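To keep things clear, I will list the structure first and then write my remarks on it.
Nothing here was measured: the structure is a model prediction, and the numbers come from that model. Counting convention: from 1, in listed order, for ligands and their atoms alike. Numbers for residues simply follow the sequence, beginning at 1.
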Amino acid sequence: MTAQVSFFGDLEPLTFGGSDAPTPSSFRWYDKDRIVAGKRLEDHLRFAVCYWHSFCWPGGDPFGGETFLRPWHHGSDALGLAKQKADVAFELFRLLDVPYFTFHDVDAAPEGATLRESIYNLDVIAGVFEEKMASAKVRLLWGTANLFSNRRYMAGAATNPDPDVFAYAAGQVRAALETTHRLGGQNYVLWGGREGYETLLNTDMKRELDQLGRFVSMVVEHKHKIGFQGPILIEPKPKEPTKHQYDFDVATCYGFLERYGLTKDVKLNLEQNHAILAGHSFQHEIALAQALGVFGSLDINRGDDLLGWDTDQFAMNVPEMALCFHELLNGGGFTTGGLNFDAKIRRQSIAPDDLVIAHAGSMDACARAFIAAADMLEARALTGFVADRYAGWEQPEAQAMLSGQRSLAEVADRALSQDLNPQPRSGRQEYLEALVNRFV
Ligand code: XLS
Ligand code: NI
Ligand code: NI
């Protein structure tokens with residue numbers, strides 16, 4: 001038959017086979033129809049396969065070039081190769097039975113010699129996607145534009161000192177947003193890959209932040225103009241490629257969105273490895289984004305404990321993820337977001353089915369972690385303890401302090417008149433850690 005069948009050999013679509021099922025031909029934990037916390041697992045987890053790491057990255061590192069030798073990376077007919085790549089991509093989506101995928105403009109379609117030509121190419125491939133999606137299950141979780149690889153963006157896209165670069169980026173984003181809309185995308189992502197700086201010796205930071213604020217506002221205005229329903233998502237990352245990224249972490253992004261009046265339309269796409277680079281846990285970033293009302297979606301992957309960069313490995317650590325999913329579920333789970341595998345196989349994983357095994361293994365790990373999280377939540381193992389810990393704040397006098405009905409002097413006077421002498425209580429961390437281990 002076609003190229004896609006021969007690329008993955010004779011693999012059949014994966015199905016749930018139970019915990020003793022042989023890998024990689026079955027899922028052991030990801031039973032998509034299992035009802036967990038009131039919903040099918042598939043509808044909770046909303047897995048997406050990303051285009052860039054799986055089908056575009058050739059397996060290079062700073063010391064060595066391509067290891068994968070994908071057939072669609074070699075040849076001169078750029079659009080033909082992009083179509084071949086789409087065949088393989090949709091074959092992987094089918095084998096994994098995933099509900100979503102994600103892509104950058106330049107992952108899907110070759111960059112042309114001009115902006116106009118690039119937009120034409122994207123349009124052609126969007127047509128190919130549309131045709132494939134008509135008979136496939138897979139839907140688009142989000143689209144995005146790559147505003148960081150081309151050398152024109154070396155000093156930033158929206159934050160570039162040259163306004164023509166800002167305009168060029170607007171050209172790419174308009175096309176990518178409209179393509180995302182055309183394909184029924186649920187969100188649109190802006191990762192500020194080059195929106196940061198290397199040295200203040202050549203940088204006007206205030207000006208660059210204002211440029212970025214205006215750029216994101218323009219994207220929001222355009223989203224409304226074309227009737228795109230989903231949120232715009234920005235993606236925090238503290239460093240790499242630039243030394244100082246303007247979208248450092250959740251707290252920094254929230255400050256940025258507040259300053260430019262964007263919190264209503266823009267939410268956050270959080271990534272595990274980025275959280276670690278920022279000196280946080282993923283769990284912390286999820287909980288904070290939810291607390292601030294800007295939670296959007298997740299890029300699921302894993303950093304390496306010993307390496308200080310964005311290794312983007314497939315997430316496999318069940319106990320760690322269980323705590324993240326506990327936050328996710330406790331905050332109500334996804335609405336338009338999902339779990340996007342912003343993850344790449346290692347450069348020695350050169351067999352075609354390594355792509356299948358990596359995704360399936362991580363889907364299983366996520367499912368297992370999610371089930372543990374749902375059990376923990378149902379038992380109120382952690383939430384019950386936390387509610388008790390703060391129970392004093394439910395008392396009328398405490399509520400009055402919080403709601404602005406008491407001044408500092410009134411509160412202070414009460415502490416004196418009642419001769420308050422509060423006694424510390426144990427935080428019971430080890431008790432709780434041991435409790436978590438009963439579920440994972
Ligand atoms: C890179 C980012 C990127 C975004 C999409 O570190 O994670 O892959 O998710 O541009
Ligand atoms: Ni990402
Ligand atoms: Ni990343």
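For ligand 1 and D299, the ligand atoms under 4.0 Å from any heavy atom of the residue are 9 (O). Those atoms of ligand 1 that come under 4.0 Å of a heavy atom in K237, given as number and element, are 1 (C), 6 (O). Heavy-atom proximity to W52, at under 4.0 Å, picks out these atoms of ligand 1: 8 (O).
Ring orientation note: the planes of Y246 and Y197 are tilted relative to one another, at an angle of 30° to 60°. Relative ring orientation between F129 and F90 is described as tilted, the plane-to-plane angle lying within the 30° to 60° band.
Taking 4.0 Å as the cut-off, V189 does not count as a neighbour of ligand 1 on heavy-atom distance. E240 does not count as a contact of ligand 1, since none of its heavy atoms falls under 4.0 Å from the ligand.
When the N, O or S atoms of H274 are ranked by distance to the Ni ion (ligand 3), NE2 comes first. Looking at D310 and the Ni ion (ligand 3) together, the shortest N, O or S contact belongs to OD2. Summary: OD2 is the N/O/S atom of D299 found nearest to the Ni ion (ligand 2). Residue-level check: among N/O/S atoms of E271, OE1 sits closest to the Ni ion (ligand 2).
Under the 4.0 Å criterion applied to side-chain N and carboxylate O atoms, K237 and D249 are not assigned as salt-bridge partners. Residues D33 and R40 are paired through a salt bridge, judged by an N-O separation under 4.0 Å between the basic side chain and the carboxylate. In this structure, E42 pairs ionically with K137, as a charged nitrogen and a carboxylate oxygen lie closer than 4.0 Å. No salt bridge links K83 with D87; every basic N to acidic carboxylate O contact stays at or beyond 4.0 Å. No salt bridge links D31 with R34; every basic N to acidic carboxylate O contact stays at or beyond 4.0 Å.
Checked against H104 for a ring-ring contact (aromatic ring centres under 6.0 Å, His included), the options W142, Y188, F55, W52 give a single hit: W52. The only member of Y100, Y51, F47 that meets ring-ring contact (aromatic ring centres under 6.0 Å, His included) when paired with F341 is F47.
Of the N or O atoms in N269, none lie within a sub-3.5 Å distance of an N or O in ligand 1. Considering backbone and side-chain N/O of T144, none are found under 3.5 Å from N/O of ligand 1.
By the criterion of a heavy-atom distance under 4.0 Å, neither the backbone nor the side chain of N146 is placed next to ligand 1. At a 4.0 Å heavy-atom cut-off, ligand 1 does not touch N340 at all.
Surrounding NZ of K243 are at most 12 heavy atoms belonging to other residues, nucleotides or ligands under 6.0 Å away.
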Legend entry - Criterion ring pair (Phe, Tyr, Trp, His ring centres under 6.0 Å) on F93 and F101, from CA distance to verdict: CA-CA 8 Å; F93 306 155; F101 74 110; 5.0 Å; yes

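Ranking protein heavy atoms by distance to atom 9 (O) of ligand 1, first place goes to E235 OE1, 2.7 Å. For atom 8 (O) of ligand 1, the nearest protein heavy atom (residue, atom name, distance) is D342 OD2, 2.9 Å. Here the heavy atom of the protein found nearest to atom 10 (O) of ligand 1 is H104 NE2, 2.7 Å.
At least one N/O/S atom of D342, whether from backbone or side chain, sits less than 2.8 Å from the Ni ion (ligand 2). Look at E235 and the Ni ion (ligand 3): no N/O/S atom of the residue is under 2.8 Å from the metal.
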